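Remember, it's a predicted structure, so these values are computed and weren't measured experimentally. For the numbers below, each heavy atom of this structure counts, side chains included, while hydrogens, waters and symmetry mates do not. We number each residue from 1, following the sequence as shown.
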Amino acid sequence: MNMGGSKPRLLGEARRARMLAWLQEEGSARVRTLAEAFDVSEVTVRQDLETLEAHGHILREHGGAFLKSLPTQVRSMALQNAGHMEAKRQIGIAAAAMVDDGASIILDAGSTTTEVAANLAGRHDITLITNALNIALMLGAEQGFDVHLTGGHFKAPTLSVSGNRSAEYLHGMYVDRLFLATAAIDLEAGLTYPALSDIPVKRAMIEAAREVVLVADASKIGQRSFTALGGIDMVDVLVTDTSIRDEDRSAIEAASVRVVVA
């Protein structure tokens with residue numbers, strides 16, 4: 001349930017940051033689940049949740065906690081991660097330019113993939129599969145789009161559906177291109193994410209796509225999140241922004257990934 005192999009336990013502040021990222025991804029979590037995932041006692045988890053609640057991030061409930069901002073986010077159809085938005089807009093424009101009329105694509109859930117979706121209007125004869133409710137609503141009424149939404153468990157913070165049922169929907173499907181999101185990119189750890197439930201879906205998406213395009217702003221490069229999807233070599237193209245460092249670009253290209261700077 002971690003990034004592969006043994007690793008030392010996280011110190012308190014780092015662990016709480018990862019727990020908050022988990023809750024921002026999943027919306028809620030049980031104390032027992034967090035204790036198992038972070039390899040600490042339930043007493044330690046409760047203390048961590050008390051600290052996060054005192055800082056105004058979450059609300060505790062019996063046996064667990066949930067994200068404080070969740071009802072407002074869902075009502076406004078807002079995604080949690082709104083940082084680096086100008087970079088994400090430029091990435092969205094560059095990635096959408098890769099989609100020709102008649103294409104079949106998968107759009108992963110996320111703030112950057114939402115920017116890809118925002119730049120697809122006007123295309124014709126597009127078959128779109130997504131696990132993102134906001135993207136389905138954005139393009140579902142557009143002429144020229146045949147939109148399919150995977151099933152599964154609804155994750156309110158990311159306005160998406162996830163889990164094994166969502167992954168099963170994708171089995172046996174084949175598309176031209178996947179636009180994949182990630183929380184962090186590290187050459188050693190690979191692509192990593194805050195929680196576990198999306199991993200089966202992302203693997204099924206990759207299996208279904210002829211080409212995998214990772215859309216991620218450069219702030220995510222050199223970072224690690226909680227659990228690993230796999231190495232950077234599972235990606236064919238990275239679309240990122242101009243703040244990518246030369247050494248990072250060279251290292252990613254050395255892994256046979258084409259880098260497009262938006």
Side-chain angles (χ1 to χ4, degrees), residues 1-76 78-84 108-112 131-132 152-164 166 181-186 188-203 216-217 219-230:
M1 298 173 68
N2 57 34
M3 290 184 292
S6 61
K7 63 178 181 179
R9 292 182 181 179
L10 293 167
L11 297 176
E13 185 175 350
R15 186 180 59 249
R16 286 188 288 273
R18 294 279 179 88
M19 284 187 186
L20 179 58
W22 180 302
L23 288 160
Q24 289 172 334
E25 180 78 14
E26 298 289 335
S28 63
R30 308 298 295 173
V31 168
R32 180 179 299 177
T33 301
L34 293 173
E36 291 175 353
F38 289 91
D39 192 24
V40 294
S41 69
E42 293 188 15
V43 171
T44 297
V45 171
R46 290 190 184 95
Q47 292 171 343
D48 286 341
L49 294 178
E50 287 176 3
T51 300
L52 292 174
E53 184 178 48
H55 291 164
H57 298 301
I58 67 167
L59 293 173
R60 288 183 299 143
E61 58 183 357
H62 180 69
F66 62 93
L67 194 63
K68 186 175 181 180
S69 61
L70 200 56
T72 302
Q73 283 181 230
V74 174
R75 282 194 295 267
S76 63
L79 293 170
Q80 174 72 28
N81 188 0
H84 305 279
D108 192 8
S111 54
T112 310
N131 63 329
H153 176 253
F154 178 59
K155 294 200 328 177
T158 56
L159 303 173
S160 66
V161 286
S162 68
N164 289 327
S166 188
T182 191
I185 306 168
D186 181 271
E188 181 181 342
L191 309 182
T192 55
Y193 298 84
L196 300 167
S197 62
D198 279 344
I199 299 300
V201 185
K202 294 180 190 296
R203 285 181 178 150
D217 64 84
S219 71
K220 295 179 178 179
I221 301 172
Q223 304 298 316
R224 294 189 184 188
S225 193
F226 179 73
T227 190
L229 172 65

- Message: Check this for me: Arg32, atom CZ, are more than 12 non-hydrogen atoms of other residues, nucleotides or ligands nearer than 6.0 Å?
- Response: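 12 or below, so no.
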
Using 0.5 Å steps for rounding, measure from the [atom1] atom of [X] to the [atom2] atom of [Y].
{"X": "Ser28", "Y": "Leu59", "atom1": "OG", "atom2": "CG", "result": "12.0 Å"}
{"X": "Glu26", "Y": "Thr158", "atom1": "CD", "atom2": "OG1", "result": "7.5 Å"}
{"X": "Thr51", "Y": "Arg16", "atom1": "OG1", "atom2": "CZ", "result": "4.5 Å"}
{"X": "Thr227", "Y": "Leu196", "atom1": "OG1", "atom2": "CG", "result": "5.0 Å"}
{"X": "Leu34", "Y": "Arg18", "atom1": "CG", "atom2": "CZ", "result": "13.5 Å"}

Looking only at heavy atoms, which two atoms of [X] and [Y] are closest? And how far apart?
{"X": "Lys220", "Y": "Thr182", "value": "NZ-O, 2.8 Å"}
{"X": "Ile58", "Y": "Ala65", "value": "CD1-CB, 3.7 Å"}
{"X": "Asp108", "Y": "Ala181", "value": "OD2-N, 3.1 Å"}

- Task: Take Met19 and Val45 through the side-chain contact (heavy atoms from CB on, under 4.5 Å) test and state the conclusion after the steps.
- Result: CA-CA 9 Å; Met19 284 187 186; Val45 171; 3.9 Å; yes

- Query: With a 4.5 Å heavy-atom cut-off, do Gln47 and Val43 have their side chains touching?
  - Reply: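 Sidechains of Val43 and Gln47: in contact.
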
- Flag side-chain contact, heavy atom, 4.5 Å: Leu191 against Ile185: yes

- Task: If the plane angle is over 60° it's perpendicular, under 30° parallel, otherwise tilted; pick one for Trp22 and Phe226.
- Result: perpendicular

Look at the side chain of [X] and the backbone N and O of [Y], then say whether any donor-acceptor pair between them is shorter than 3.5 Å.
{"X": "Asp186", "Y": "Arg224", "result": "no"}
{"X": "Ser225", "Y": "Tyr193", "result": "yes"}
{"X": "Asn131", "Y": "Ala109", "result": "yes"}
{"X": "Lys155", "Y": "Ser162", "result": "no"}

- Task: Kindly determine whether Leu49 and Leu23 satisfy side-chain contact (heavy atoms from CB on, under 4.5 Å), including the steps that lead there.
- Result: CA-CA 11 Å; Leu49 294 178; Leu23 288 160; 4.3 Å; yes

- Item | Worked verdict on Glu42 versus Arg46 for salt bridge (Lys or Arg N to Asp or Glu O under 4.0 Å) | CA-CA 6 Å; Glu42 293 188 15; Arg46 290 190 184 95; 3.4 Å; yes

- Task: Given side-chain contact (heavy atoms from CB on, under 4.5 Å), test Thr44 with Arg15 step by step and report yes or no.
- Result: CA-CA 10 Å; Thr44 297; Arg15 186 180 59 249; 3.3 Å; yes

